[in-house]
Amino acid sequence: MNFSKKLINWYSVNKRDLPWRKTQNPYFIWLSEIILQQTQVKQGWPYYSKFTANYPTVFDLAAAKEEDVLNLWQGLGYYSRARNLHASAKYIVNELDGIFPNTYKEIKKLKGVGDYTASAIASICFNEPTAVVDGNVYRVLSRVFGIETPINSTLGIKEFKTLAQKLVDVKQPATFNQAIMDFGSQVCKPKQPLCETCIFNSTCLAFNLNKVSALPVKLNKTKITEKYFNFIVFLVDGDLTLIEKRTKKGIWQNLYQFPLIESKKELTLMEITKRVKVQFELSQLEIRLFNKDVITHKLSHQHLKTKFWVVSTSNLTANTTKIKDLNNYPVPVLIQNFINDFNF
DNA sequence: AAACCGGGGTT
DNA sequence: AACCCAGGTTT
């Protein structure tokens, strides 16, 4: 029996029961695929439930305010996904009369949709035989076929896509694509894969050559930079504070935060006090450090060493926000954790 | 081709 | 603390 047949047989018995597997509605499949980019099923699941409940159709999503979409996305990370999702919903409604594009080529034109996502939607919703290549597929194919080309090299990307495209069952691409991904996540796992009971273990090159833990090959090494973040948490007359929107490109674009003083080195109480006085035109103020120990918020490529400075004042000229309204604004997890811990 | 973009998990 | 996981866009 060939690779695809064995895989599909495995899937028919072992497939997971996931909410987005009950539908072929391209809007729902698109939502699920964007949410699941760089995200485990367990983490994405509640967000899929929230989004389908709040925005049951593409028209509802298109009509929403970006801020509300980001608020619902809060905590999931990679926020450009939410911004692109919203922009594409508006594009589908305004330019395509609300009709979801139905070919790989047209689907890929949506913002935030690349090769993987376009292949997934085209195959699952429209039966187009385009093979998906996600992290699971790289792992399964590199091991079973013993391919050592780095999966994040230009050559590797082409090589694995070609192989997957050769293997895909053109009669049932949706089943094949979901089968290989499910197999990768449940059997051919990154750590402690289930080789002893694997359906491919008699032919799998990695298993038989004892190379399972060495595959797939990935060249990497992202260097991590360190920054100091000082958030200024104003308390004005007990019930007001000050927040600002991050409008510039970079992390957390269009999310909100307390006014931020960023630096390459750690700043002292004196330096913070002075900068707050100058920036906010305050002659005198009461300031205290909330977290005795610095909070290190770890992103994939930077570590943010964070302090929250609580400043009590009554004569702030800037536009304040009611503390009880804080949860109307999308904020990074770092800020949400503070709001929860501080207990205003 | 390399850097950027979040957050959660395991060892 | 050091490692791992996982697509798309921008530079």
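In the text below, chain A, chain B and the rest are named by the order of the sequence lines, each starting its count at 1. No hydrogens, no waters, no symmetry mates; every other heavy atom, side chains included, goes into these values.
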* Charged N-O contact under 4.0 Å between A/Glu106 and A/Lys109 ->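 So A/Glu106 pairs with A/Lys109 through a salt bridge.
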Neighbours of DNA chain C within [range], by heavy-atom distance under 4.0 Å:
{"range": "residues 116-127 of chain A", "result": "A/Tyr116, A/Thr117"}
{"range": "residues 64-78 of chain A", "result": "none"}
{"range": "residues 37-44 of chain A", "result": "A/Gln37, A/Gln38"}

* Please go through A/Leu267's hydrophobic cluster and name the other residues, only I, L, V, M, F, W, Y counting, with side-chain heavy atoms under 4.5 Å joining them. => A/Ile232, A/Phe234, A/Val236, A/Leu240, A/Leu242, A/Ile261, A/Leu269, A/Ile272, A/Val276, A/Phe280, A/Leu282, A/Leu285, A/Ile287, A/Leu289, A/Trp309, A/Val311, A/Leu316
* Can you list the other members of the hydrophobic cluster that holds A/Ile224, where links are side-chain heavy atoms under 4.5 angstrom apart? -> none
Euclidean distance, atom [atom1] of residue [X] to atom [atom2] of [N] [Å, nearest integer]:
{"X": "A/Asn136", "N": "C/dG7", "atom1": "CG", "atom2": "P", "value": "7 Å"}
{"X": "A/Gln192", "N": "B/dG9", "atom1": "CD", "atom2": "P", "value": "17 Å"}
{"X": "A/Ile224", "N": "C/dA2", "atom1": "CD1", "atom2": "P", "value": "9 Å"}
{"X": "A/Ile157", "N": "C/dG7", "atom1": "CD1", "atom2": "P", "value": "12 Å"}
{"X": "A/Asn152", "N": "B/dC4", "atom1": "CG", "atom2": "C1'", "value": "15 Å"}
{"X": "A/Lys223", "N": "B/dC5", "atom1": "NZ", "atom2": "P", "value": "12 Å"}
{"X": "A/His303", "N": "B/dC5", "atom1": "NE2", "atom2": "C1'", "value": "14 Å"}
{"X": "A/Asp134", "N": "C/dG7", "atom1": "CG", "atom2": "P", "value": "5 Å"}

* Asked: Who pairs with A/Lys22 by salt bridge (charged side-chain N to carboxylate O under 4.0 Å, His left out), at least two apart in sequence or on another chain?
  ->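 Only A/Asp17 meet the salt bridge (charged side-chain N to carboxylate O under 4.0 Å, His left out) criterion with A/Lys22.
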* **A/Phe176 ring center within less than 6.0 Å of A/Tyr11 ring center** =>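 Between A/Tyr11 and A/Phe176, the centre distance exceeds or equals 6.0 Å.
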* Using the closest heavy atom to pick a nucleotide of DNA chain C for each, name whichever of A/Lys298 or A/Tyr138 lands nearer the 5' end. =>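 It is A/Lys298, whose closest nucleotide lies nearer the 5' terminus.
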* Indicate whether OP1 or OP2 belonging to B/dG7 is found under 4.0 Å from a side-chain N or O atom of A/Trp252. =>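 Yes, because at least one side-chain N or O of A/Trp252 sits under 4.0 Å from OP1 or OP2 of B/dG7.
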* To do: Return no unless some side-chain N or O of A/His301 is found under 4.0 Å from OP1 or OP2 of B/dA3.
  =>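 Result: no.
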* For A/Asn337 and A/Leu219, take the nucleotide of DNA chain B holding the closest heavy atom to each; which residue's nucleotide lies nearer the 5' end? ->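 Its nucleotide being nearer the 5' end, the pick is A/Leu219.
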* Structure fact -> Of A/Lys191 and A/Ser153, the one whose closest nucleotide on DNA chain B sits nearer the 5' end is A/Ser153
What contact category does [X] fall into here, base, sugar-phosphate, or nothing, at under 4.0 angstrom with non-hydrogen atoms?
{"X": "A/Arg139", "value": "sugar-phosphate"}
{"X": "A/Lys189", "value": "nothing"}
{"X": "A/Gln302", "value": "sugar-phosphate"}
{"X": "A/Ser80", "value": "nothing"}

* **side chain to side chain donor-acceptor pair (under 3.5 Å), paired with A/Gln253, selected from A/Lys245, A/Arg246, A/Arg83** => A/Arg83
* Is it the case that more than 12 heavy atoms not belonging to A/Lys50 sit under 6.0 Å from its NZ atom? ->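 Count over threshold, so yes.
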* For A/Asn94, does the CG atom have more than 12 heavy-atom neighbours from other residues, nucleotides or ligands under 6.0 Å away? -> yes
Could you pull out the protein-nucleic contacts involving nucleotides 9-11 of chain C (nitrogen or oxygen on both sides, under 3.5 Å)?
residue : atom : partner  : partner atom : Å
C/dT9   : OP1  : A/Gly112 : N            : 2.9

* Asked: Would A/Arg16 and A/Asp182 satisfy salt bridge (Lys or Arg N to Asp or Glu O under 4.0 Å), going step by step from the backbone distance to the final call?
  -> CA-CA 8 Å; A/Arg16 285 177 293 180; A/Asp182 243 23; 2.6 Å; yes
* To do: For A/Asn2, check side chain to side chain contact (heavy atoms under 4.5 Å, CB included) against everything at least two apart and list the hits.
  => A/Ser4, A/Lys5
* Enumerate the residue pairs fulfilling ring pair (Phe, Tyr, Trp, His ring centres under 6.0 Å) with a member in residues 196-232 of chain A, sequence neighbours excluded, ordered by first and then second residue. =>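 Found A/Phe3-A/Phe200, A/Phe183-A/Phe200, A/Phe229-A/Phe231, A/Phe231-A/Phe308.
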* Any pair counted as salt bridge (Lys or Arg N to Asp or Glu O under 4.0 Å), so long as it reaches residues 189-213 of chain A, sequence neighbours left out -> A/Glu148-A/Lys211
* Asked: What residue pairs, at least two apart or across chains, pass salt bridge (Lys or Arg N to Asp or Glu O under 4.0 Å) with a residue in residues 150-163 of chain A?
  ->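 Listed by first then second residue: A/Asp115-A/Lys161.
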* Asked: If every non-hydrogen atom of A/Trp73 is compared with every non-hydrogen atom of A/Gly77, which pair is closest and at what distance?
  ->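 Smallest interatomic distance, heavy atoms only, reads NE1-O, 2.9 Å.
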* Counterpart residues, side-chain hydrogen bond (donor to acceptor under 3.5 Å, both in side chains), relative to A/Glu266 (two or more places apart) ->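 side-chain hydrogen bond (donor to acceptor under 3.5 Å, both in side chains) list for A/Glu266, sorted by chain: A/Lys307.
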